[in-house]
Asks: 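Quick one: structure below, then a few questions.
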Amino acid sequence: MRPMASRWMRFGAMMGLISLALIPTHQERAFAAAAAAPAPCKDGWWADFMLGSYHIHPYKHFDEVNPGVGAECWFTSQWAASAGYFRNSLERPSFYAGALYAPQFLHWGWFRLSLMGGIISGYNYGKFGIGGENNHTGPVLAPAAMTQFGRFGVNFILVPPIPADNLPFTVGFQAKYRFK
């Protein structure tokens with residue numbers, strides 16, 4: 001079986017097992033747990049839609065249309081968790097997960113600055129790869145500017161260069177919608 005198909009099958013199986021684990025055995029337990037448990041995303045959650053990217057002084061051609069989806073769960077007005085998927089500029093699938101920190105002193109009405117940190121797949125990280133050399137999963141730390149207009153917003157993410165893939169500084173663009 002091809003490696004990409006194998007990865008998708010493992011990912012699908014893992015998501016299926018997670019879904020089965022989340023199904024309650026009795027409806028009453030689900031309602032009781034929901035009523036007793038505090039809301040994990042008490043400052044709201046967002047659906048993110050990755051749109052594209054702009055490469056600053058590229059040395060080669062990159063795909064700047066990068067569709068994808070993700071979610072942000074804001075625990076407080078300063079801290080959130082984020083995860084998602086997009087098709088990266090090298091035309092590879094990328095999965096990411098991490099945290100966002102947006103200190104209160106960097107909020108100005110509809111605009112705020114933040115820092116994103118976590119792991120991302122789909123790039124050649126060389127010796128910095130998680131799980132060994134030439135692994136396609138690695139760490140990421142990127143500043144971001146976030147805007148919000150009611151339930152809608154846009155994230156501008158400055159992704160640092162990834163030398164092993166000759167990827168220059170990149171600005172990623174995400175549209176987002178707030179559910180709560």
Side-chain angles (χ1 to χ4, degrees), residues 4-5 7-16 18-19 22 39-56 58 61-103 106-125 130 136-162 165 167-180:
M4 183 60 86
R7 280 190 208 156
W8 279 108
M9 289 182 66
R10 282 192 308 242
F11 178 74
M14 183 173 55
M15 295 311 283
I18 290 170
S19 298
L22 295 176
C41 302
K42 68 179 184 175
D43 244 44
W45 69 277
W46 295 79
D48 296 334
F49 305 96
M50 185 67 174
L51 301 175
S53 59
Y54 173 76
H55 299 85
I56 301 168
H61 172 74
F62 296 101
D63 187 1
E64 294 189 336
V65 176
N66 313 111
V69 296
E72 295 174 19
C73 172
W74 285 86
F75 307 115
T76 69
S77 63
Q78 297 184 71
W79 285 99
S82 179
Y85 160 83
F86 65 98
R87 189 80 178 164
N88 71 28
S89 299
L90 301 170
E91 299 181 2
R92 299 177 190 153
S94 284
F95 295 91
Y96 64 91
L100 293 114
Y101 176 56
L106 294 177
H107 291 203
W108 299 282
W110 56 271
F111 180 80
R112 63 180 162 173
L113 297 176
S114 65
L115 188 63
M116 303 174 138
I119 59 171
I120 190 167
S121 67
Y123 299 98
N124 180 9
Y125 280 94
I130 296 171
H136 287 274
T137 301
V140 66
L141 187 62
M146 303 172 135
T147 63
Q148 179 180 347
F149 307 97
R151 289 186 171 263
F152 299 94
V154 177
N155 291 344
F156 302 90
I157 307 159
L158 181 60
V159 181
I162 302 174
D165 268 333
L167 195 65
F169 273 106
T170 304
V171 179
F173 305 100
Q174 282 182 327
K176 53 195 224 174
Y177 177 80
R178 185 177 180 160
F179 284 94
K180 178 184 168 196

Asks: If you measure from CD1 on Ile162 to OH on Tyr125, what distance do you get to the nearest 0.5 Å?
Replies: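 Reported value, rounded in 0.5 Å steps: 4.0 Å.
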Asks: Could you tell me if the side chain of His136 sits less than 4.5 Å from the side chain of Ser121, heavy atoms only?
Replies: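 Result no, sub-4.5 Å side-chain heavy-atom pair not found.
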Asks: Given 3.5 Å as the limit, does a donor-acceptor pair link the side chain of Asn124 with the main chain of Asp165, or not?
Replies: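 Answer holds: no.
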Asks: How far apart are the closest heavy atoms of Cys73 and Trp45, and which atoms are they?
Replies: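 The answer is CA-CB, 4.1 Å.
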Asks: So which atom in Ala145 and which in Phe111 form the shortest heavy-atom distance, rounded to 0.1 Å?
Replies: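 Smallest heavy-atom distance, with atoms named: CB-CE1, 3.8 Å.
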Asks: Can you tell me if Ser89 and Ser53 form a side-chain donor-acceptor pair at under 3.5 Å?
Replies: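 Yes, side-chain donor-acceptor contact under 3.5 Å.
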Asks: Please verify the inter-ring angle class for Phe62 with His55; under 30° counts as parallel, over 60° as perpendicular, anything in between as tilted.
Replies: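 Phe62 and His55: parallel rings.
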Asks: Nearest 0.5 angstrom please: Tyr123 OH to Arg92 CZ, how far?
Replies: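 Those atoms lie 9.0 Å apart.
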Asks: Among Gln174, Gln148, Met146, Arg151, find the residue that satisfies the side-chain contact (heavy atoms from CB on, under 4.5 Å) test when tested with Trp46.
Replies: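 Option passing the side-chain contact (heavy atoms from CB on, under 4.5 Å) with Trp46: Gln148.
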Asks: What are the two closest non-hydrogen atoms of Ala142 and Val159, and how far apart are they?
Replies: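 Nearest pair, atom of Ala142 first, then Val159: CB-CA, 4.3 Å.
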Asks: In sequence, state the C-alpha distance, the side-chain angles, and the governing distance for Val154 and Phe152, and then conclude on side-chain contact (heavy atoms from CB on, under 4.5 Å).
Replies: CA-CA 7 Å; Val154 177; Phe152 299 94; over 6 Å; no
Asks: Give a yes or no answer on whether the side chain of Glu64 reaches the backbone of Asn66 with a donor-acceptor pair at less than 3.5 Å.
Replies: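 Not a single qualifying donor-acceptor pair exists.
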Asks: His107 and Ala102: which non-hydrogen atoms are nearest, and at how many Å?
Replies: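 The answer is NE2-O, 3.0 Å.
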Asks: Which value, rounded to the nearest 0.5 Å, describes the distance between Asn155 atom CG and Phe173 atom CZ?
Replies: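 Going from the CG atom of Asn155 to the CZ atom of Phe173 covers 11.5 Å.
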Asks: Which pair of heavy atoms, one from Pro93 and one from Arg87, lies closest together, and at what distance?
Replies: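 Pro93 and Arg87 have their closest heavy atoms at CD-NH1, 3.3 Å.
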Asks: Measure from the side-chain N and O atoms of Thr170 to the backbone N and O of Pro168, and report whether any donor-acceptor pair falls under 3.5 Å.
Replies: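 Flag set: sc Thr170 to bb Pro168 pair under 3.5 Å.
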Asks: In Å and rounded to the nearest 0.5 Å, what is the CH2 to CH2 distance from Trp74 to Trp79?
Replies: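 It comes to 10.0 Å.
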Asks: For the residue pair Gly122 and Asn88, what are the closest heavy atoms and their distance?
Replies: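 The pair with the smallest heavy-atom distance is O-ND2, 2.9 Å.
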Asks: Quick check for you: to the nearest 0.5 Å, what is the distance between Ser94 atom OG and Phe86 atom CZ?
Replies: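 Ser94 atom OG to Phe86 atom CZ measures 4.0 Å (nearest 0.5 Å).
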Asks: What is the distance from atom OG1 of Thr147 to atom CH2 of Trp108, rounded to the nearest 0.5 Å?
Replies: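 So the OG1 of Thr147 and the CH2 of Trp108 are separated by 13.5 Å.
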Asks: Find out whether Pro67 and Val65 are in side-chain contact, i.e. whether some heavy atom of one side chain is under 4.5 Å from a heavy atom of the other.
Replies: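 Answer yes - side chains close enough.
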Asks: So among Ile157, Leu141, Val140, which one has a side-chain contact (heavy atoms from CB on, under 4.5 Å) with Met116?
Replies: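 That would be Ile157; it is the only one of Ile157, Leu141, Val140 passing the side-chain contact (heavy atoms from CB on, under 4.5 Å) with Met116.
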Asks: Residues in side-chain hydrogen bond (donor to acceptor under 3.5 Å, both in side chains) with Ser82, at least two apart?
Replies: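 So Ser82 forms no side-chain hydrogen bond (donor to acceptor under 3.5 Å, both in side chains) with any residue.
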Asks: I'd like to check the salt bridge (Lys or Arg N to Asp or Glu O under 4.0 Å) partners of Asp48; sequence neighbours left out, ordered by chain and number.
Replies: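 Salt bridge (Lys or Arg N to Asp or Glu O under 4.0 Å) check on Asp48 returns nothing, list empty.
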